[in-house]
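Order of listing sets the numbers, starting from 1, for every ligand and every atom in it.
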Amino acid sequence: MKIAICASEVVPFAKTGGLADVAGALPLALEKLKQEVIIIMPFYKKAALSGISLARVMPGIQSTTLGEGIKVYFIQNDKYFNREGLYGDQNSDYPDNLERFSFFSRRALELLKEIKFKPDIIHIHDWQASFIPVYLKAAYASDAFYKNCKILLTIHNLAYQGVFSREDFPKLGLDWSIFNMEGLEFYGKINTLKGGILFSDCINTVSSTYASEILSKEFGCGLEGVLARKKGCLSGILNGLDYSIWDPSTDKCIARQYGSDNLGDKYINKQELQKVCGLASDKKLPVFGMVTRLAEQKGLDILTEAIGEICKLGLELIILGTGDLKYHQLLEKQAKKFPKAFALFLKFDNSLAHKIYAGSDIFLMPSRFEPCGLGQMISLKYATAPLVYKTGGLADTVDNNNGFIFDKYTSVALVDTVKKAISLYGNKKQWLTKIKKGMKANFSWQESGKEYVKLYKELSGK
Ligand code: ADP
């Protein structure tokens, strides 16, 4: 089958979160499963700078190769994409995101025709690619090239919907008839993801639990009614983890490689991490690590409420993250207050992230909601017990056998679970049993890739 993956960020070219990991790893799995796959993404400044070998396919289109022979097409438009950020700067989203990503979507559809890649499936990701089915239905409805093409939308996070003012609608070049309840209109504004949901042929999310959660008012972010209309074609496929990147036995970013046979060497990484963080090298102190966007979704509200108490429990806490200024400030204040217990890094740092996964004993991920989550899967592989709230993909991957899970979203429940983890950490035998169980979990892309191929086949009828 011919599959075109369209996404706004793809590892190793540009990344702000888990979407990029998926959009980079899924094509590799599909290629191994003998599918013909290409990737289309914007040409950001970061991609231009990362020293990859590029070929100019035609004006405004650069290309490179991933895996054995996956063509990656970069859509270039310096006015829109040659910027420091992907979607905005530290303070806010770029004001022209509608123009940026509608341009990307239209150009992607033109490109497929220009390179004569007639896809059976266009697999789009999140709101940034959600104008694709809208344009396909509006502008290419009678185009023979796209006659048998089906669209799968993967929602990585329903909280990001690409909402824009009604006044911007003419910039899309679409007929006003599409700006209604059956189309892009949502409470008087343009809702890009809503368009993606309604105009795609099939929708999936990145875990089964999240797929059912988003039909509820609590998790539906206002779109639960729209999603209910597509319930028959809404499913969940758990993301895989790219074990060629995330494996402590081959990881080049960490001080000492280790696996279940030489688990003792994990503690060399712990010592190194403590050193890097300026924390005391005490083997007995459990190290709690966290690598995250600093957003309320990730449990920052209950964490910042509880952090003063947590820092007094006899542990070391390391947080690496960027995000909401509010949380930068709150955490900075606590890091100053507890310099011996809490090390804070307010930045995006891939190498340090690897060191934290390897050197911590417990990985904190108390997300309020979590479509899938990669952090907990990575930490399981690194023999770092995840401590999570029972939601979405966290509920599908973590239990009390391989980690710690709490089911009331409160700072009290979080602190209680941290205390439980500290207490169990004191029992070496039980601790080893837990982390060894975690290491055995296999969330490979091979398995998720097979499920996607099954879904593509159902969808295309091939
Ligand atoms: P989300 O996509 O919602 O941010 P995920 O858990 O699905 O959350 O994926 C987050 C990915 O981004 C993980 O690979 C994580 O290690 C990485 N990451 C998040 N924040 C940082 C950071 N500040 N520095 C380095 N890596 C980060």
[X] and ligand 1 - part of the residue with a heavy-atom distance under 4.0 Å:
{"X": "Leu374", "answer": "both"}
{"X": "Thr292", "answer": "backbone"}
{"X": "Gln376", "answer": "neither"}
{"X": "His156", "answer": "neither"}

Given Phe101, which of Tyr80, Trp127, Phe131 fulfils the ring pair (Phe, Tyr, Trp, His ring centres under 6.0 Å) condition?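 It is Trp127, the one option of Tyr80, Trp127, Phe131 that forms the ring pair (Phe, Tyr, Trp, His ring centres under 6.0 Å) with Phe101.
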Distance check, rounded to the nearest 0.5 Å: Leu414 atom CG versus Tyr389 atom OH?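 OH of Tyr389 is found 12.0 Å from CG of Leu414.
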Let me confirm one number: the CG-CG distance from Asp361 to Leu387, rounded to the nearest 0.5 Å.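 If we round to the nearest 0.5 Å, Asp361:CG and Leu387:CG are 12.5 Å apart.
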Give the single entry among Phe369, Phe363, Phe348 that approaches atom 26 (N) of ligand 1 most closely by any heavy atom.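 Nearest heavy atom to atom 26 (N) of ligand 1 lies in Phe348.
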State whether the shortest distance between N or O atoms of [X] and N or O atoms of ligand 1 falls below 3.5 angstrom.
{"X": "Lys347", "value": "yes"}
{"X": "Lys298", "value": "yes"}
{"X": "Trp246", "value": "no"}

Proximal atoms of ligand 1 relative to [X] (non-hydrogen, under 4.0 Å):
{"X": "Asp21", "result": "11 (C), 14 (O)"}
{"X": "Gly375", "result": "6 (O)"}
{"X": "Ala353", "result": "25 (C), 26 (N)"}
{"X": "Met365", "result": "6 (O)"}
{"X": "Asp349", "result": "24 (N), 25 (C)"}
{"X": "Gly321", "result": "23 (N)"}

Describe, in one word, how the ring planes of [X] and [Y] are oriented to each other, choosing from parallel (under 30°), tilted (30 to 60°) and perpendicular (over 60°).
{"X": "Phe43", "Y": "Phe74", "value": "perpendicular"}
{"X": "His125", "Y": "His123", "value": "parallel"}
{"X": "Phe81", "Y": "Phe103", "value": "tilted"}
{"X": "Tyr210", "Y": "Phe369", "value": "parallel"}

Quick one: does [X] get within less than 4.0 Å of ligand 1, heavy atoms only?
{"X": "Gly373", "result": "yes"}
{"X": "Tyr357", "result": "yes"}
{"X": "Leu320", "result": "yes"}

Which heavy atom of [X] sits nearest to which heavy atom of [Y], and what is that distance?
{"X": "Lys270", "Y": "Lys283", "answer": "NZ-O, 3.2 Å"}
{"X": "Pro366", "Y": "Phe406", "answer": "CB-CZ, 3.9 Å"}
{"X": "Gly85", "Y": "Tyr94", "answer": "N-OH, 2.9 Å"}

To check your reading of the model: name the closest protein heavy atom to atom 14 (O) of ligand 1, its residue, and the distance in Å.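 For atom 14 (O) of ligand 1, the nearest protein heavy atom is Lys15 NZ, 3.2 Å.
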